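Just so you know, these numbers come straight off a predicted model, no measurement behind them.
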Protein chains: 2
Amino acid sequence: MDQRLKSELTRQLILNESFKLFYENGFKTTSVDKIMKATNLTKGAFYHHFENKKALGLAVIGLKLQKRVYEAMVAPLYGSGDALEILKTIFSVRLKSFTVYEKQHGCPANNFINEIGDQEFAYQNALKRIIEEWKSALVYVLDRGKTEGSVRKDICSKSVAVYLISAFEGVRGLRKLYDNDLILDEYISGLSLYIKQISAS
Amino acid sequence: MDQRLKSELTRQLILNESFKLFYENGFKTTSVDKIMKATNLTKGAFYHHFENKKALGLAVIGLKLQKRVYEAMVAPLYGSGDALEILKTIFSVRLKSFTVYEKQHGCPANNFINEIGDQEFAYQNALKRIIEEWKSALVYVLDRGKTEGSVRKDICSKSVAVYLISAFEGVRGLRKLYDNDLILDEYISGLSLYIKQISAS
DNA sequence: TAAATTATATACTAGGTAGTATGTTTTTTT
DNA sequence: AAAAAAACATACTACCTAGTATATAATTTA
């Protein structure tokens with residue numbers, strides 16, 4: 001097989017298995033051994049593709065995680081349609097459509113943030129980039145809403161963006177403690193009140 | 001020295017040092033060895049006072065953590081004064097008064113929730129108790145506000161409680177990524193909008 | 001005061017950890 | 001086809017991990 005392609009496939013395999021194991025068991029307690037056992041490859045392959053575990057962590061955050069957040073939470077914000085409807089879809093409809101697995105293990109980004117967001121500057125920065133990208137998209141859609149007359153002009157877009165992200169990440173943590181969706185339903189009801197508050201009219 | 005007292009002091013010392021190390025470095029990566037080094041005692045003492053690390057974790061959550069949350073976030077809700085003023089104080093004023101250390105490492109409860117809230121039923125339950133106690137107090141103060149006419153009667157207290165807790169815990173995680181309070185200020189501004197929405201008049 | 005109990009210390013086990021050194025195999029280049 | 005380089009495997013090191021076994025010191029009880 002073409003060496004370039006084979007190498008890239010292996011790299012992606014390691015990144016994917018890492019993401020999965022980090023998500024299920026945490027970053028710090030997932031060992032390189034466990035990851036490579038999941039890939040059916042060995043340590044030699046790992047250290048050929050990554051300098052060390054920290055480099056792997058940064059690659060998972062900067063590639064896999066960032067891409068997932070972008071596709072699920074950021075890109076839809078740049079789509080067409082009523083601004084407030086888009087917000088409702090992203091912050092509540094999406095939430096209910098998660099699988100049990102996703103509800104149980106919370107938000108991958110939030111897990112990383114809470115586990116290693118206070119440990120290493122490099123991790124901090126990589127994670128910050130994801131949040132800032134998300135925040136910018138929210139500010140964009142809120143400003144658009146203001147222009148189109150659906151969003152109140154006297155609210156601060158940045159503040160609303162931060163409050164929306166905070167509540168979303170917060171409840172994805174809380175949901176881990178329960179075995180049903182009650183807390184999600186309450187969150188959604190609480191959120192709809194907030195969206196009403198920022199809507200014009 | 002009285003043996004009862006001495007034993008209790010040792011137990012509390014272990015619990016306190018554990019809490020601190022769990023807070024700074026996480027639960028799973030804080031070893032019994034590190035804890036006992038911090039206490040200047042040895043492993044023999046540890047396993048005399050605790051059956052294993054899991055029992056220690058549950059004790060830290062059920063005693064230290066629950067007490068801290070109760071004193072800082074729950075008890076004030078049962079105090080006198082305007083309901084909405086109490087909410088503002090707890091969810092925004094308090095936030096700004098945290099030390100750099102507390103801002104950097106986030107919310108101890110949220111850290112536990114995100115690290116081990118999806119791992120063991122026993123941890124889940126111990127953490128759930130803390131959240132439910134907090135939620136109940138919030139529902140109490142919101143209902144009181146309704147009675148006194150300061151809070152809108154058509155809002156669901158439980159939903160507002162969950163949304164308030166979610167946003168608070170969420171932003172305490174996000175703050176880890178930054179080295180200044182901008183995100184906290186934005187959160188507070190976003191929160192004040194929410195409190196306006198639930199206020200009568 | 002002697003015996004029993006409690007509190008703590010020391011030394012150990014079995015297994016997990018990140019990372020390295022050095023192989024062998026596969027692919028590419030000359 | 002030979003040489004070089006890349007991809008991966010195997011075997012290792014030094015250290016950390018939870019937990020145990022057993023000793024000693026301090027305190028309480030008989």
Heavy-atom closest pair, residues B:M36 and B:T39: O-OG1, 2.8 Å
Separation of atom NZ in B:K37 from atom P in D:dA18, rounded to whole Å: 14 Å
Strictly under 4.0 angstrom, non-hydrogen atoms only: write out the protein contact profile of nucleotides 21-30 of chain C, one letter per nucleotide from the 5' end, B, S or -. ------SS--
If you count the non-hydrogen atoms of other residues, nucleotides and ligands that lie under 6.0 Å from NZ in A:K96, is the total more than 12? yes
With sequence neighbours left out, the residues meeting side-chain hydrogen bond (donor to acceptor under 3.5 Å, both in side chains) with A:Q104 are none
Any residue in residues 29-36 of chain A with a heavy atom nearer than 4.0 angstrom to DNA chain D? Just list them by number, or reply none. none
Begin from the C-alpha positions of A:F98 and A:R175 and carry the test side chain to side chain contact (heavy atoms under 4.5 Å, CB included) through to its verdict. CA-CA 12 Å; A:F98 281 133; A:R175 175 61 175 80; over 6 Å; no
Report, one line per pair, each donor and acceptor closer than 3.5 Å where one atom sits in a side chain of residues 74-83 of chain A; sequence neighbours left out.
residue	atom	partner	partner atom	Å
A:D82	OD2	A:L84	N	3.3
A:D82	OD2	A:E85	N	3.1

Strand contacts (DNA chain C) in residues 46-58 of chain A, 4.0 angstrom heavy-atom criterion: A:Y47, A:N52, A:K53
Salt bridge (Lys or Arg N to Asp or Glu O under 4.0 Å) pairs touching residues 108-118 of chain A, sequence neighbours excluded, are none
The correct set of residues in residues 112-120 of chain B placing a heavy atom under 4.0 Å from DNA chain C is none
Within the 4.0 Å heavy-atom criterion, would you say B:T42 contacts the bases, only the backbone, or no part of the nucleic acid? base
Exceeds 12 heavy-atom contacts within 6.0 angstrom, atom NZ of B:K158: no
Taking distance alone, no hydrogens or angles, what donor-acceptor pairs closer than 3.5 Å link side-chain atoms of residues 188-199 of chain A to residues at least two apart or in another chain?
residue	atom	partner	partner atom	Å
A:S189	OG	B:S159	OG	2.9
A:S192	OG	A:S189	O	3.0
A:Y194	OH	B:G190	O	3.1
A:Q197	NE2	B:L193	O	3.3
A:S199	OG	A:K196	O	2.9

Quick one: does B:N111's side chain have a donor or acceptor within less than 3.5 Å of a partner on B:H105's backbone? yes
Is there a side-chain contact between A:I86 and A:R144, using heavy atoms and a 4.5 Å cut-off? yes
Which pairs with one or both residues in residues 47-77 of chain B pass ring pair (Phe, Tyr, Trp, His ring centres under 6.0 Å), sequence neighbours excluded? B:F46-B:F50
Ion pair check, A:D2 and A:R4, cut-off under 4.0 Å: no
So which of residues 10-28 of chain A are in contact with DNA chain D, with a heavy-atom cut-off of under 4.0 Å? A:T10
List the atom pairs, donor and acceptor, that lie under 3.5 Å between side-chain atoms in residues 121-132 of chain A and the rest of the protein, sequence neighbours left out.
residue	atom	partner	partner atom	Å
A:Q124	NE2	A:G117	O	3.1
A:Q124	NE2	B:K176	O	3.3
A:E132	OE2	B:Y178	OH	2.5

Any side-chain donor paired with an acceptor under 3.5 Å for A:T30 and A:N25? no
B:K53: side-chain hydrogen bond (donor to acceptor under 3.5 Å, both in side chains) partners, not counting sequence neighbours: none
